[in-house]
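Here's the structure we're looking at; comments come further down.
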Amino acid sequence: HSVGIIGAPFSKGQPRDGVEKGPDLIRSAGLVEKLRAQGCAVKDYGNVTFEEVANDEPIGNVKRPRAVGSANQRLSAAVHAVKNDGHTCVMLGGDHSLAIGSIQGHAAAKKDLSVVWVDAHADINTPLTSPTGNIHGQPMSYLIHELHSKIPVLPNFSWIKPCVSAKDIVYIGLRDVDPEEHHILMLLGIKGYSMTEVDRLGISKVMEETCDYIFSKVKKPIHLSYDIDALDPSISPATGTPVVGGLTYREGIYITEHICQTGMLSAVDMVEVNPKRGKTEDEISSTVNTAVDLIRGCFGKLREG
Ligand SMILES: CN[C@](CCCC[B-](O)(O)O)(CCN1CCCCC1)C(=O)O
Ligand SMILES: [Mn+2]
Ligand SMILES: [Mn+2]
Ligand SMILES: [Mn+2]
């Protein structure tokens with residue numbers, strides 16, 4: 001595996017400080033060294049630098065639109081460059097609004113993508129449905145062809161072009177979905193495995209069905225967008241929006257092992273690690289080390305040895 005790492009120390013898609021510390025925390029836990037130790041070629045492209053945006057007043061119900069739009073435009077260019085260099089891209093967040101730039105940049109290099117979104121949340125609110133205005137709960141709405149007509153004009157967002165079809169998306173781990181998000185998922189017929197399905201089917205069946213579904217017609221490169229809050233807070237408490245009843249460590253790892261063996265993984269986001277949301281050092285290290293282990297699973301680390 002040839003891996004290109006990008007750090008995106010960005011937090012303005014949500015209100016809690018600390019998530020911008022994620023990239024360097026994950027690095028300091030040894031991500032690069034551990035990937036190299038398991039046989040990966042790794043190039044660390046460093047952190048994207050983001051511009052300061054003054055007077056970034058809300059637009060309707062959208063908070064920090066100018067900063068989020070600008071940050072994602074820069075991230076998109078960085079991810080595009082990593083893909084053009086021929087690597088599988090690893091984007092370290094930062095909050096989940098960064099999926100806008102990550103998926104845009106990926107799509108610029110790879111046109112037709114499938115998206116596997118592992119998260120307690122669907123992150124598919126539009127600016128008009130969002131109950132909080134926090135863009136980390138909205139990234140998918142800007143990316144999906146079928147929602148384009150529902151997205152108002154926002155400053156620094158005009159560069160964004162929808163690039164994913166509803167039929168090419170699978171959610172895993174859902175357990176905190178807003179009513180209007182659920183309406184959108186049903187309306188668009190988007191495939192999702194909530195924690196109910198994970199319990200009913202078991203994670204191996206969920207992954208088997210996920211891969212059958214996204215590969216049913218054409219085998220498209222996979223963009224895996226992994227929100228650390230998909231895992232149970234007992235494993236990864238240091239995150240902005242923890243929700244009880246999440247994936248076990250083993251289920252979380254199984255997902256990345258399975259995606260790896262498809263040979264189709266083309267980019268992965270690892271987002272929402274926030275050290276300031278951990279009550280103890282152990283809570284922070286459990287969260288960070290799990291993020292590292294999940295990424296290692298994406299690139300061939302097997303529990304069997
Ligand atoms: C479920 N939707 C939320 C959370 C988004 C989490 C973003 B992620 O990146 O962590 O997945 C929350 C909306 N609820 C907040 C509490 C009151 C009810 C609405 C939103 O703000 O849109
Ligand atoms: Mn989430
Ligand atoms: Mn998310
Ligand atoms: Mn979050």
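First listed ligand is number 1; within each ligand, the first listed atom is number 1.
Checked by distance only, ligand 1 and T241 come closer than 3.5 Å through their nitrogen or oxygen atoms. At least one N/O-N/O distance between D123 and ligand 1 falls below 3.5 Å.
The atom name of the N/O/S atom in H96 closest to the Mn ion (ligand 3) is ND1. Per residue D227, closest N, O or S atom to the Mn ion (ligand 2): atom name OD2. Note on D123: its N/O/S atom closest to the Mn ion (ligand 3) is OD2. Distances from the Mn ion (ligand 2) to each N, O or S atom of H121 single out ND1 as the nearest.
Ligand 1 is approached by P131 to a heavy-atom distance shorter than 4.0 Å.
Every pair passing ring pair (Phe, Tyr, Trp, His ring centres under 6.0 Å) that includes a residue from residues 184-235 is listed here, sequence neighbours excluded: H106-H223. Sorted by first then second residue, the ring pair (Phe, Tyr, Trp, His ring centres under 6.0 Å) pairs that include residues 50-73, not counting sequence neighbours, are F10-F50.
Note that K301 lies outside the cation-pi zone of F299, set by a 6.0 Å cut-off to the ring centre and a 45° limit from the axis.
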Would you please test S11 and D95 for side chain to side chain donor-acceptor pair (under 3.5 Å) and show each step?
CA-CA 5 Å; S11 67; D95 71 67; 5.5 Å; no
Pair K12-S97, side chain to side chain donor-acceptor pair (under 3.5 Å): steps then yes or no
CA-CA 8 Å; K12 298 190 169 70; S97 67; over 6 Å; no
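For ligand 1, the atoms lying closer than 4.0 Å to a non-hydrogen atom of D227 are 8 (B), 9 (O), 10 (O), 11 (O). In the vicinity of D119, heavy-atom distances shorter than 4.0 Å reach the ligand 1 atoms 11 (O). Which parts of ligand 1 touch D176 is read off a 4.0 Å heavy-atom cut-off, strictly below it: atoms 1 (C).
Looking at H121, H96, Q138 and measuring to atom 4 (C) of ligand 1, the nearest heavy atom belongs to H121.
Residue contacts to the Mn ion (ligand 2): D229 brings an N, O or S atom closer than 2.8 Å. The nearest N, O or S atom of D119 is closer to the Mn ion (ligand 2) than 2.8 Å.
Defined by atom type and a distance below 3.5 Å, a donor-acceptor pair is present between the side-chain atoms of S225 and D269.
Looking at Q14 against ligand 1, nothing comes within 4.0 Å, counting heavy atoms. Residue contacts with ligand 1 for D229 involve side-chain atoms from C-beta outward but no N, CA, C or O (heavy atoms, distance under 4.0 Å). Only side-chain heavy atoms of E181 come within less than 4.0 Å of ligand 1; its backbone N, CA, C and O stay farther off.
To the nearest 0.5 Å, the span separating CG on D293 from OG on S286 amounts to 9.5 Å.
The main-chain N or O of L25 is found under 3.5 Å from a side-chain atom of S28 such that the two form a donor-acceptor pair. Looking at Q104, its side chain does come within 3.5 Å of a backbone N or O of K161 through a donor-acceptor pair.
For the side chain to side chain donor-acceptor pair (under 3.5 Å) criterion with H136, the lone passing option out of E272, R16, H121 is E272.
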